[in-house]
Amino acid sequence: MATSHKGLTDVPLHGKLSAQYKTTFAYPTIKDRCPVILCKIIDHLYRERINIGNKYGSEAQEKIKGIIEQLSKLRYEMQTNKAITELDDTGPGTEIWNQYLSDNASSGAGITWYEATWMWAECYMYRRILSSFVQSVELKDFDFFVHQKEEGFHESVESMSHLGVWLEKELENASQHSKTQMESNFKTLIRISLWGNKCDLSISAGSKQSASGNIVEQLEHLEPNILTDSSHRAWKCLEAGDSNQIIDIIMDNAGFELFTDLCLADYLCSAKLVKKVRFRLKNQPWFVSDTNLHDFEWCINSLSNNQAHPELKSLGSRWKNYVSVGDWEILVDPFWTYPHVYSEMEGCDPQLYAALAQANMLIFKGDLNYRKLVGDINWETTASFKTALQGFLPSNILSLRTLKADVVVGLSEGQAENLSTMDKQWMVTGNWGVIQFTESQ
C-alpha cells in the first residue's frame, strides 16, 4: 500500500521537509545540498563575470550582479523556511508551475520550503534559478551548469575509451549475432547504462563526479549491488518485436552516463533490434548534470573531433550519422521539468503521453525519473513496480536507476531490512541499483 500524501503526519517521504523529518534524505537535501549548489553558481558567476562579459557582451556582465542578488535571495528563502512564491518570468512552463503551486497551497499541502513536498520543492529550486537568468535577454540561454558537465565529460574520457574499444568490437557484424549473443550484449549494455547513472552532480552538490577505470571489467564486481533485475523480461519484450520498433530513452545525466546511453542505442540499431531511438531531453539546465540539447550535441561533436582516441572519434562520427539520417531523433519535452509526477502526465500533457505510446519500450534513466514514476510516495519496499506506477503505462517501461533517494519498490520480503544492516545509507548513496521492467498490458 502507498502512504497517503495529504497530511503532515502521513508523509515521511513524498511529503514534508519539516524538522520532524530530519532522518529522511529530503531534509539535508533542501537544508544543505541545494544551498551549496546555489553557492557554487554564485561563485562561478562572480569569478567568470569578465569572461561572460567578453562572450555575451558588457550588458550581460552588468546583469550578473542582479542575478547573483536573486540567487542569494533564493538561498536565504530556502534556509529560513520562507514561503514558496509564484514565478514571475517568461520562461518555459510559468503558467503551469504557478497553477501547480496554487493548487498545492489551496489543498493545504504546505507552501513554505520545509512544509512543501520534497520532490517538487527541489524541482522548483532549479526552475527559480532559471528565472533569474531568463529575465536577461543576453543570458536567457546561459547554462549555469555547463562548465561542470563538460569538466565531468573530460575527466571520464579514459573510461569512455575503454568502453568504446569494447563496443566497436561488439558492433562488428552485430546484425548477424545469434539471439543468445544479442541478449548477452543487451544485458551488458543495460548494466553499463545503469552504473553510468552513478555520475550525478546533483547528489554531490555539484562536486566533481566522473567515471574511472574500465566499466566492462567492473560489472562482475558490481553485480551483487543490483537489487532487482528484470533485464531478461525486457529482452524478451524487445526480442518479440520486429525491426521497425521504436525505443524512447528518457535521459538523465550528461557526461559519462550520456555516453553509456549512446552505446546502448548504437547496439540496438546496429543489431537491427530497433528501427529508431528517440532521446528525450530536458529543456533547461536541470539538477546540475541533466542532459539538454546543447549537452547532447556537444558530446557527439567532442567525440567526433577526438584525435587522441580513434575509437571515440569513430563512434562520434557514427552517432552524428544516426542523427542526420533520422535513426536517432533528439526531442526536447518541457514536461520533464514540470513539478508533476508521471501518473499526472496524461492529464497535464496528453500529447506527450500519446507520443510515448508510439514507442515499443520506454527506458527511464536515473533517480528523479524513478521518483516521478512511482509518485515519490513512501511505498512499502515490497510493493510491485507496476502498482507504484499508478496507471502510468503508455508503453512497456524499463527503469535503470542507482538509488539516491529513500524510496524504492519491487524488493523481496526482508531485503530492505537486510540491506539496512549492511549499509545504513543504502537508499541514498548511488551504490545500489535496480533494473525494473513492466509490460503495458
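Computed over heavy atoms, backbone and side chain alike; hydrogens, waters and symmetry mates excluded. Just so we're clear, the structure is a prediction, and the values are computed from it rather than from any experiment.
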Looking only at heavy atoms, which two atoms of [X] and [Y] are closest? And how far apart?
X      : Y      : value
Leu293 : Ile330 : CD1-CG2, 3.7 Å
Gly93  : Tyr338 : CA-CE2, 4.1 Å
Ala234 : Met361 : O-CE, 3.5 Å
Lys31  : Tyr114 : CA-OH, 3.4 Å
Leu258 : Asp295 : CD2-O, 4.0 Å
Ser175 : Met182 : O-CE, 3.8 Å

Pairwise side-chain contact, [X] with [Y], heavy-atom cut-off 4.5 Å (strictly under):
X      : Y      : value
Thr402 : Asn431 : no
Leu163 : Ile215 : yes
Trp97  : Pro339 : yes
Asn396 : Thr438 : no
Thr337 : Pro92  : no
Leu171 : Leu315 : yes
Ser270 : Arg318 : yes
Leu38  : Met125 : yes

Whether [X] and [Y] hold their rings parallel, tilted or perpendicular, with breakpoints at 30° and 60°:
X      : Y      : result
His154 : Trp298 : perpendicular
Tyr126 : Trp286 : tilted
His340 : Tyr100 : perpendicular
Phe133 : Phe144 : parallel

Donor-acceptor contact below 3.5 Å, side chain [X] vs main chain [Y]:
X      : Y      : value
Lys282 : Met251 : yes
Gln245 : Asp242 : yes
Ser102 : Gln99  : no
Glu257 : Thr291 : no
Arg233 : Phe437 : yes
Tyr342 : Gln390 : no
Asn98  : Glu95  : no
Arg128 : Gln70  : no
Lys365 : Ile250 : no
Trp379 : Val374 : yes

Between [Y] and [X], is the closest basic N to carboxylate O distance under 4.0 Å?
X      : Y      : answer
Asp252 : Arg401 : no
Arg278 : Asp333 : no
Lys187 : Glu183 : yes

| query | Does Lys272 NZ have over 12 foreign heavy atoms under 6.0 Å away? | reply |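 For Lys272, atom NZ is not crowded (no more than 12 foreign heavy atoms under 6.0 Å).
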| Does atom NZ of Lys82 have more than 12 heavy-atom neighbours from other groups under 6.0 Å away? |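 Yes, because the 6.0 Å sphere around NZ of Lys82 holds more than 12 heavy atoms from other groups.
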I need the [X] [atom1] to [Y] [atom2] distance, nearest 0.5 Å.
X      : Y      : atom1 : atom2 : result
Glu239 : His232 : CD    : NE2   : 8.5 Å
Leu356 : Glu346 : CG    : CD    : 11.0 Å
Asn292 : Asn283 : CG    : CG    : 9.0 Å
Leu219 : Ile192 : CG    : CD1   : 5.0 Å
Asp141 : Leu130 : CG    : CG    : 9.5 Å
Ile249 : Ser193 : CD1   : OG    : 6.5 Å

Do [X] and [Y] get their side chains close enough for a donor-acceptor pair, meaning under 3.5 Å?
X      : Y      : result
Ser131 : Tyr124 : no
Glu122 : Thr29  : no
Ser289 : Gln148 : no

| request: List the steps and the verdict of side-chain contact (heavy atoms from CB on, under 4.5 Å) for Val407 and Asp376. | output: CA-CA 7 Å; Val407 56; Asp376 214 36; 3.7 Å; yes
| task | For Leu281 and Trp336, run side-chain contact (heavy atoms from CB on, under 4.5 Å): C-alpha distance rounded to whole Å, both residues' side-chain angles, the deciding distance at 0.1 Å, then the answer. | result | CA-CA 8 Å; Leu281 314 180; Trp336 311 123; over 6 Å; no
When the ring centroid of [X] is compared with that of [Y], is the distance short of 6.0 Å?
X      : Y      : answer
Phe259 : Trp319 : yes
Phe296 : Phe279 : yes
Phe145 : Phe287 : no

| task | Evaluate the criterion side-chain contact (heavy atoms from CB on, under 4.5 Å) for residue pair Trp235 and Ile190; output intermediate values, then yes/no. | result | CA-CA 10 Å; Trp235 165 254; Ile190 285 294; over 6 Å; no
| message | One pair to check against side chain to side chain donor-acceptor pair (under 3.5 Å): Ser412 and Gln415. What are the steps and the verdict? | response | CA-CA 5 Å; Ser412 57; Gln415 191 175 9; 3.2 Å; yes
| request: Could you walk me through whether Val409 and Gln436 pass the side-chain contact (heavy atoms from CB on, under 4.5 Å) test, one step at a time? | output: CA-CA 9 Å; Val409 296; Gln436 295 181 322; 4.3 Å; yes
